[in-house]
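A quick write-up on the structure given underneath.
In listed order, ligands and their atoms are each counted from 1.
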Amino acid sequence: MQKFDYLIVGSGLFGATFAYRAKKANKSCLVIDKRSHIGGNVYCENKYGINVHKYGAHIFHTSNQEVWNFVNSIVEFNRYTNSPVANYKGKLFNLPFNMNTFYQMWGVVTPGEAIEKINSQRKYMLDRIELSDTKEPANLEEQAISLIGIDIYEKLIKGYTEKQWGRKCTELPPFIIKRLPVRLVFDNNYFNDRYQGIPIGGYNKLIEGLLQGIEVRTNTDFFVDRKHWEQVADKIVFTGKIDEFYDYKFGKLEYRTVYFEEEVLDCSNYQGNAVVNYTDVEIPYTRVIEHKHFEMFGDEIDKCKKTVISKEYSVEWNENIEPYYPINDLKNNELYQKYKSLADNESDIIFGGRLAEYKYYDMAPIIEKVLKMDIE
Ligand code: FAD
Ligand code: UDP
């Protein structure tokens, strides 16, 4: 039996970037993945020439020049800029909240007019918070109204957030909404990062580039023959679920899950944008993704006569569906710490990525982390 330096469990961005770096350091690697394909959650399925983001829309964004140069050395990135549109009962608004949104909402045309309108709408909530014991917003509703006013809260935040989180805004923590930028300029770019885009040819090109020349076996679950896999290499890089690695001995970690309903349509352009959020509570899905707009621009859109859309629903945690977003509440974090203390004592096993570290990572921070690791 050939003995490898590293067995890498999982061919997602963490595993693939680690394998790439290990190969550069002259280490031998074997990558296994239980899915039928490589790439983990960034994997795309090509349908009618369109790269369909099978596990949810992925937009690469970063301000880290080293990470940006690294990914572009594997595959060139296109000029896609994420500019989602919100649909509230058939009326459209630009996101994130910026001068375009304020014009559409109130007809205000200057930043001064927008500030005046926002301030008049925030006032009653700020007064209410001032009278409270803590003098801090107590929940997401209070935070949102005190940031941006009642109209935007009711039309663009309340329904979307309650569908996404499955709970009332008054029961959600304030910090969730602070992530969304509020801008007094006409700028629909969802991210503040310096660089963003989608790999030209799709994310599979990025993963294939990272794994070039490395032995990979798909349809191979580490746990089906654990004893065997533990012997094939000196060290293991494990990117699967940490609780599963320890046989759930302390209990199961929970995830927030999304479900995608995919449709192929006989038209070349369904909604004119990659992402449209449905912000009223009556429409059951949170957003509709039209995949071709991530990679097709100008005339290319009409040349491809079909289009593929995915309606995204938030669903309650259920062990039989894909684990997506870790629920980093107190209970789950405490449970994770128990597993982590076992993992910290393993000398030949590296636990990395969103499932093994039970942490939501965007793609760029995953790469940044692997680029910083000492691989020996
Ligand atoms: P994964 O991609 O999950 O890879 C883990 C791999 O391990 C999988 O292939 C799995 O099959 C394999 N595996 C697990 N257990 C075993 C086992 N027992 N045996 C063998 N193989 C196993 N980031 C952004 O930067 N921008 C975005 O727009 C964005 N959108 C997102 C949307 C959604 C819905 C989600 C869930 C995430 C999004 N992300 C986004 C985050 C991004 O997906 C992650 O940063 C990245 O995929 C993490 O890579 P990973 O290698 O840690 O995990
Ligand atoms: N949000 C909203 N309306 C929107 C988009 C986002 O109210 O149209 C809220 C929602 O509560 C969400 C938060 O803003 O959880 C952060 O948005 P982001 O897009 O960063 O959330 P993600 O989908 O990545 O969790």
Got the closest protein heavy atom to [atom], with its distance?
| atom | value |
| --- | --- |
| atom 9 (C) of ligand 2 | I177 CD1, 3.5 Å |
| atom 16 (C) of ligand 2 | R179 NH2, 3.7 Å |
| atom 14 (O) of ligand 2 | L180 CD1, 3.3 Å |

* Asked: Does some side-chain heavy atom of N277 sit less than 4.5 Å from a side-chain heavy atom of T286?
  -> no
* Asked: Shortest non-hydrogen contact from Q196 to N82?
  ->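 For Q196 and N82, the tightest heavy-atom pair comes out as OE1-N, 3.0 Å.
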Nitrogen or oxygen of [X] less than 3.5 angstrom from that of ligand 2:
| X | answer |
| --- | --- |
| T161 | yes |
| N277 | yes |
| A86 | no |

With heavy-atom distances below 4.0 Å as the criterion, list the atoms of ligand 2 near [X].
| X | value |
| --- | --- |
| W165 | 11 (O), 15 (O) |
| I157 | 7 (O) |
| L95 | 8 (O) |
| T279 | 8 (O) |
| L156 | 2 (C), 3 (N), 4 (C), 7 (O), 8 (O) |

Under 6.0 Å between the ring centres of [X] and [Y]?
| X | Y | result |
| --- | --- | --- |
| Y339 | F250 | yes |
| H53 | F294 | yes |
| Y285 | Y278 | yes |
| F223 | W229 | no |
| F77 | F60 | yes |
| F102 | F186 | no |
| Y55 | H37 | yes |

* Quick one: does NZ or CZ of R226 land under 6.0 Å from the six-membered ring centre of F245, within 45 degrees of the ring axis? ->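 Yes, a cation-pi geometry.
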* **Quiz item: cation-pi between K306 and Y48, 6.0 Å / 45°** => yes
Determine whether the side chain, the backbone, both or neither of [X] has a heavy atom under 4.0 Å from any heavy atom of ligand 2.
| X | answer |
| --- | --- |
| Y325 | neither |
| Q164 | side chain |
| L140 | neither |

* Asked: Which one of Y190, Y278, Y160 has a non-hydrogen atom at the shortest distance from atom 17 (O) of ligand 2?
  ->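 Nearest heavy atom to atom 17 (O) of ligand 2 lies in Y190.
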Enumerate the pairs of nitrogen or oxygen atoms, one from ligand 1 and one from the protein, separated by less than 3.5 angstrom; state names and distance to 0.1 Å.
| residue | atom | partner | partner atom | Å |
| --- | --- | --- | --- | --- |
| ligand 1 | 2 (O) | N41 | N | 2.9 |
| ligand 1 | 3 (O) | R354 | NE | 2.8 |
| ligand 1 | 3 (O) | R354 | NH2 | 2.9 |
| ligand 1 | 9 (O) | D33 | OD1 | 3.3 |
| ligand 1 | 9 (O) | D33 | OD2 | 2.7 |
| ligand 1 | 11 (O) | D33 | OD1 | 2.7 |
| ligand 1 | 18 (N) | D221 | OD1 | 2.9 |
| ligand 1 | 19 (N) | F222 | N | 3.1 |
| ligand 1 | 21 (N) | K34 | N | 3.1 |
| ligand 1 | 23 (N) | D362 | OD1 | 3.1 |
| ligand 1 | 23 (N) | M363 | N | 3.3 |
| ligand 1 | 25 (O) | D362 | OD1 | 3.4 |
| ligand 1 | 25 (O) | M363 | N | 2.8 |
| ligand 1 | 26 (N) | I59 | O | 2.8 |
| ligand 1 | 28 (O) | I59 | N | 2.8 |
| ligand 1 | 30 (N) | A57 | O | 3.1 |
| ligand 1 | 39 (N) | H58 | NE2 | 3.4 |
| ligand 1 | 39 (N) | Y360 | OH | 3.1 |
| ligand 1 | 43 (O) | H58 | NE2 | 2.6 |
| ligand 1 | 45 (O) | Y361 | O | 2.6 |
| ligand 1 | 45 (O) | D362 | O | 3.4 |
| ligand 1 | 45 (O) | M363 | N | 3.4 |
| ligand 1 | 51 (O) | L13 | N | 3.2 |
| ligand 1 | 51 (O) | F14 | N | 3.0 |
| ligand 1 | 52 (O) | R354 | N | 3.0 |

* How long is the span from the CZ atom in R21 to the NZ atom in K372, to the nearest 0.5 Å? -> 11.5 Å
* For the pair E290 (side chain) and Y270 (backbone), establish whether a donor and an acceptor sit closer than 3.5 Å, ignoring hydrogens and angles. => yes
